[in-house]
Amino acid sequence: METVVFYQFVTEMPRAAAIWSTLFLLTLGLLTVLAARPERDLPTDDPLPAGPTRRELAAAEAVDLRRYAEEVAVAAARAAITAKRRRAAWLTAQEQMEQAWTGYDEADTAARRFADAGALPTPQTSHTPAEYAARERYLHRAAMAAYWRGDLTMAQLGDVFGHRRGWDPRRHPVEQEVLISRVVRDARLADYQVAADSERVAWRDAELAASSARALAEEAYAAAARLRPILVPARRTVAGALRPAVVALWRPARVG
């Protein structure tokens with residue numbers, strides 16, 4: 001039995017080897033053909049996508065430049081409006097500061113005049129209830145007159161009638177005038193200091209707005225020049241070329 005099996009194995013082995021060799025060669029040949037001709041797998045009616053041409057790239061760049069130039073021009077126009085508004089605010093603050101200084105100067109002159117008068121000896125009067133009542137009425141009338149002139153505030157007028165903060169109705173009328181003139185001078189000085197601070201802030205804001213407007217105007221001109229490189233000479237700089245009429249080149253000059 002073993003001899004028959006061994007005989008069949010020996011006689012069938014070469015035939016199987018020949019079949020497997022043939023299949024291996026066919027598979028290898030098919031792979032070689034596919035590797036050498038890959039274009040057959042691609043569809044013939046679907047060409048490869050082509051990249052953008054130089055003209056298309058130039059057109060896209062021109063669109064971007066035009067959009068940027070328009071945006072910068074709008075920003076420059078708005079900056080010019082802001083600079084004009086800030087300059088007007090600074091001029092108003094400067095005028096208010098000058099008016100405050102004039103008011104302080106007048107109050108200081110009046111205070112000096114009353115101080116010189118107060119340096120003289122006060123007239124001797126009898127210290128009677130009627131005299132004190134007359135002095136009180138004089139103080140109230142003088143305080144009311146100062147209030148209606150705008151020299152005293154409502155709070156200060158209340159202090160006068162309440163005899164607070166040094167307001168003594170028993171003092172001589174000359175001393176009362178000296179005290180009123182000093183209070184008015186101090187108030188005018190405080191008003192001037194507030195106005196001067198406001199003027200400095202307004203001047204700084206106007207200066208920054210003018211600087212921003214100038215920078216945006218130059219950038220707007222440069223952006224417009226890049227859209228027409230043939231019409232604008234290459235050596236012309238932004239500072240020496242014509243500026244767009246979006247902002248007047250001014251610099252606020254402080255007075256005082």
Side-chain angles (χ1 to χ4, degrees), residues 82-211 213 248-256:
T82 300
K84 184 177 180 181
R85 185 171 63 251
R86 294 287 175 81
R87 184 174 187 271
W90 167 69
L91 291 176
T92 301
Q94 189 181 42
E95 182 179 359
Q96 293 175 353
M97 182 189 67
E98 292 175 354
Q99 293 176 356
W101 172 258
T102 301
Y104 165 71
D105 186 59
E106 294 175 354
D108 183 65
T109 301
R112 292 176 183 274
R113 184 174 64 252
F114 282 113
D116 294 339
L120 300 176
T122 57
Q124 295 294 328
T125 57
S126 58
H127 295 174
T128 60
E131 175 64 19
Y132 287 136
R135 292 183 179 185
E136 183 176 6
R137 288 193 300 270
Y138 181 87
L139 173 61
H140 292 172
R141 286 196 300 269
M144 286 297 300
Y147 171 75
W148 289 117
R149 290 195 307 267
D151 294 336
L152 294 180
T153 63
M154 179 61 69
Q156 291 173 333
L157 184 63
D159 292 337
V160 171
F161 280 87
H163 307 159
R164 298 185 298 267
R165 299 182 184 275
W167 295 102
D168 188 358
R170 295 173 298 179
R171 290 182 177 180
H172 194 272
V174 175
E175 296 177 345
Q176 304 290 4
E177 290 290 350
V178 172
L179 183 58
I180 292 176
S181 65
R182 289 176 180 176
V183 171
V184 173
R185 180 191 60 187
D186 295 341
R188 291 290 179 267
L189 179 59
D191 293 340
Y192 168 74
Q193 291 174 347
V194 172
D197 293 339
S198 300
E199 187 273 340
R200 282 193 293 269
V201 173
W203 178 84
R204 184 174 63 252
D205 293 342
E207 180 70 7
L208 292 176
S211 178
L249 298 183
W250 56 269
R251 179 184 180 89
R254 298 189 64 187
V255 178

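By the 4.5 Å heavy-atom criterion applied to side chains, R171 and Y138 are not counted as neighbours. Within the 4.5 Å cutoff, no side-chain heavy atoms of V184 are placed close to those of R149. With a 4.5 Å cut-off on side-chain heavy atoms, V201 and R204 count as touching. Q176 has its side chain out of reach of R135: every pair of non-hydrogen atoms, C-beta onward, lies at least 4.5 Å apart.
Of all heavy-atom pairs spanning A146 and I180, the tightest one is CB-CG2, 4.3 Å. Taking every heavy atom of both residues into account, E199 and Q94 meet most closely at CG-CA, 3.8 Å. Residues A93 and S198 share a closest heavy-atom pair of CB-O, 4.2 Å. The heavy-atom pair separating A202 from A89 by the smallest distance is CB-O, 4.3 Å.
Here the CZ atom belonging to R170 is positioned 11.5 Å from the CD atom belonging to E175, to the nearest 0.5 angstrom. To the nearest 0.5 Å, atoms CG (L139) and CD (E177) are separated by 9.0 Å. Separation of atoms CZ (R86) and CG (L91) is listed at 14.0 Å; rounding is to 0.5 Å. Between the OH atom of Y192 and the CH2 atom of W101 there is a distance of 5.5 Å, given to the nearest 0.5 Å.
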Return all side-chain donor-acceptor pairs below 3.5 angstrom for residues 152-161, not counting sequence neighbours, or 'none' if the list is empty.
unit_1 : atom_1 : unit_2 : atom_2 : d
T153   : OG1    : Q156   : N      : 3.2
Q156   : OE1    : T153   : N      : 3.1
D159   : OD1    : R164   : NE     : 3.3
D159   : OD1    : R164   : NH2    : 3.2
D159   : OD2    : R165   : NE     : 3.1

Run the numbers on D186 and R182 for salt bridge (charged side-chain N to carboxylate O under 4.0 Å, His left out), then give the verdict.
CA-CA 6 Å; D186 295 341; R182 289 176 180 176; over 6 Å; no
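Not one N or O on the side chain of S211 forms a donor-acceptor pair closer than 3.5 Å with the backbone of L208.
Applying the salt bridge (charged side-chain N to carboxylate O under 4.0 Å, His left out) criterion to D105, with sequence neighbours excluded, gives no partner residue. In this view, R188 and D151, D191 satisfy the salt bridge (charged side-chain N to carboxylate O under 4.0 Å, His left out) rule, not counting sequence neighbours.
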